[in-house]
Amino acid sequence: MLRRTHTCGELRDAHVGQTVRLNGWVNAYRGHGTGLVFIDLRDRFGVTQVVFDGEALPKDTLDTADHLRNEDVVAVEGRVRVRAGGENPKLATGKIEVEVTTLEVLNKTANPPFLPDDTGGGGKLANEELRLKHRYIDLRRPSMQHAITTRHKVYQATRRYFDENGFLEIETPILYKSTPEGAREFLVPSRNIPGNWYALPQSPQLFKQILMVAGCDRYMQICRCFRDEDPRADRQAEFTQIDLEMSFVRREHVIEMMEGFVRRLWKEMTGYAVPPIPVMPYREAMERFGIDRPDTRYGLEIADISEIAARSDAGFFKEALAKGADRPKFNSQRGVVKALRVPGGAEKLTRKMTDGYNEFVRSFGAGGCAVVKVNAAGELETGIAKLLAPVKDDLKAALGLTPGDTVLFVADTYAVCTKAMGELRQVVARDTGVVPKPGSEGGPWNFLIVVDFPMFEKNKDTGKWVAMHHPFTAPRDDQAEAFVAASVDDENTIESIVSAGYDIVLNGQEIAGGSVRIHDPRVQSKVFTLLGLTPEQAKEKFSFLLEALQYGAPPHAGIAFGLDRLVMNFLGTSNIRDVIAFPKTQIGQDLMTGAPGPVTDEQLKDVHARAIRP
RNA sequence: GGGGCGGUAGCUCAAUUGGUUAGAGUACCGGACUGUCGAUCCGGUGGUUGCGGGUUCGAGUCCCGUCCGCCUCGCCA
């Protein structure tokens, strides 16, 4: 084989006169038959034009060259020369060409189902289903090579940063024990212990805490996690986390370390210097933006107008406000009325759109979405304007209304209203064109750290408390005593306890989340009690961690970044499959390998399992 | 589990209210061509319209079911 001396992206006019060898794929054929053939040769480094000149070559070489086709794999040897036909400014190597003296066809291709061209060979990309089936061809596309390379750089920058800061990279088991809380798990039957199963980890949570007890001090791992839940555009059942844990730290120390990581990563990947990241309490995020991961690239803040609404003539406002009126402010079951002022909405929002919003908020359990417009005279009109007449001046002042605005109202319990408004805000932002381009396309990178999450929330269906983060999340340091002292039946107090958890949010997307962990046994047992676990059940599920925590556990805290989402941000894609070499489809199939596939009865017998076939 | 969009030559798409032999570009095969760079020109091969049923004189088109892909709600401690 004529092994390459250079890559296809390397040669410049400085190489003119040198004899070189290139290996690669035929990216394009431009033949003039009897006398002259051009081939663009591609590898992951670039494209170089090689030329076969009939006058200088044996007939059979020219003949072979004339039959080269896209995706054939070849090796050539020849001399670098300035292009006789003029420069091609589209190519980095466009000033030169290689005049071939020897051609070796390393592999003729079958006719490929599509070409790995970012323009689809002159048209659109082949559909994703086909590209996933022949992933090895799709991955040859320059933009996919770029994605893979970008992901590689994120790995390397991550390892450098955490190595410099004293973290040890430690692997944790993939065959793990089932912990039925949280996401549905993938199960693996045991051959040696009949009737028992491993589970694939949703995250290495318990192991990383154990590593702190084990004195490892600082742990990091770029690890695969598995959650058998339905995917989304930015979510796969199988995904990658940058998983971290630190000993002898409190919340602010972890946040400082993570902010340093974000700053380093963005500097290396984009050149952008991340400014100090603002910290916002969960409560404030919910009040102003209706969501725990607010997109702060635009305004459109939500206002609580409950007090004003109570004095209006709108019966449905009063009805909503009557709900849970005896509960404290911000209690999830207490009725509220919220308003969203849409600047210029009178013009930007059509009747059809606002009707759509009405339906939209209903999907989150709200009764509907009321609308008023502010006319040129500054008066409220249309929709529920008449019902608001008694409070119009208060409303104008509270919301800062100006002519041309539209105001959207939702009235319901705090939980429903906040959720509906938060979602509505994002839709309205898109509809009115106030969402900037992503950072990777020149728009802002807006980072935010959200803290002070509630420890617990009520499950809608069962009415039981569930941990908002996970059962090992500590209360904020100043809340621990109140938490331990609180009665299990005191819902209002339990709901008000905030945790020492933290999320990092980028442009409205959660890119990392973590917490300080419980190392006080009193707090831990209180958490289990609230979650409805008896000491025996808790021991059964988490025995090894609980046991370990008894033997000298240092205070510790950690966090995990969603690596796939980080890479997506650097690439400016909203499709997680673009950043995973071998992704799965919506129903978890790998279209290339055909996984998941059937197994034989013999295999099942081996692992003491039987299939229930539909 | 629910909602939405889609599936027609290898690929990207078209095909009037249901109406003649389902077309075009590209790829592929053959031919011409010594400076192309999405090469060009000429000719040709290529179809169970995802699959199954139904309505109809007649279905790519309408109806029912089903499979697959994507988006989304639920779900994702």
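Below, chains carry the letters A, B, ... as their sequence lines are ordered, and counting in each starts from 1.
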If only side-chain N and O atoms of [X] are considered, is one of them under 4.0 Å from the OP1 or OP2 phosphate oxygen of [N]?
X        : N     : value
A:Arg69  : B:C29 : yes
A:Arg232 : B:C73 : yes
A:Lys90  : B:C37 : no
A:Gln589 : B:G69 : yes
A:Gln202 : B:C76 : no
A:Arg131 : B:G10 : no
A:Arg30  : B:A39 : yes

Distance, [atom1] atom - from [M] to [N], rounded to whole angstrom:
N     : M     : atom1 : result
B:G19 : B:A59 : C1'   : 10 Å
B:G18 : B:G58 : C1'   : 8 Å
B:C64 : B:G2  : P     : 16 Å
B:U66 : B:G3  : P     : 11 Å

What about A:Arg235, does its side chain sit under 3.5 Å from the base of B:C75 through a donor-acceptor pair?
yes
Should A:Arg293 and A:Asp503 count as an ion pair when the cut-off is N to O under 4.0 Å?
no
Pairs of donor and acceptor atoms involving the side chains of residues 51-66 of chain A, under 3.5 Å and at least two apart or interchain, shall be tabulated with distances.
{"from": "A:Asp53", "atom 1": "OD1", "to": "A:Glu55", "atom 2": "N", "distance (Å)": "3.0"}
{"from": "A:Thr64", "atom 1": "OG1", "to": "A:Asp60", "atom 2": "O", "distance (Å)": "2.8"}
{"from": "A:Asp66", "atom 1": "OD1", "to": "A:Tyr29", "atom 2": "OH", "distance (Å)": "2.4"}

With the sugar-phosphate defined as primed atoms, P, OP1 and OP2, and the base as all remaining atoms, what B/S/- string results for nucleotides 2-9 of chain B, 5' to 3', for protein heavy atoms under 4.0 Å?
--------
What's the CD1-P distance between A:Ile137 and B:A27, to the nearest Å?
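Taking CD1 of A:Ile137 and P of B:A27, I get 16 Å after rounding.
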From NE2 of A:His32 over to P of B:C37, roughly how many Å is that when rounded to an integer?
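Value for this atom pair: 7 Å.
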Contact class for A:Ala84 vs. all strands (heavy atom < 4.0 Å): base, sugar-phosphate, or nothing?
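It contacts base atoms.
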Contact class for A:Phe114 (heavy atom, under 4.0 Å): base, sugar-phosphate, or nothing?
nothing
Taking the nucleotide of RNA chain B with the closest heavy atom to each, which residue, A:Asn88 or A:Ser203, is nearer the 5' end?
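Taking each residue's closest nucleotide, the earlier one in sequence belongs to A:Asn88.
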Could you tell me the Watson-Crick or G-U partner of B:U17, where both distances fall under 3.5 Å? Say none if there is no partner.
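Pairing partner, where one exists within any strand: none, as none qualifies.
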Ignoring hydrogens and geometry, is there a side-chain-to-backbone donor-acceptor pair from A:Thr473 to A:His470 under 3.5 Å?
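Yes; judged by distance alone, with no hydrogens or angles, the pair exists.
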Any donor-acceptor pair under 3.5 Å linking the side chain of A:Tyr282 with the backbone of A:Pro454?
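Looks like no, no N/O pair under 3.5 Å.
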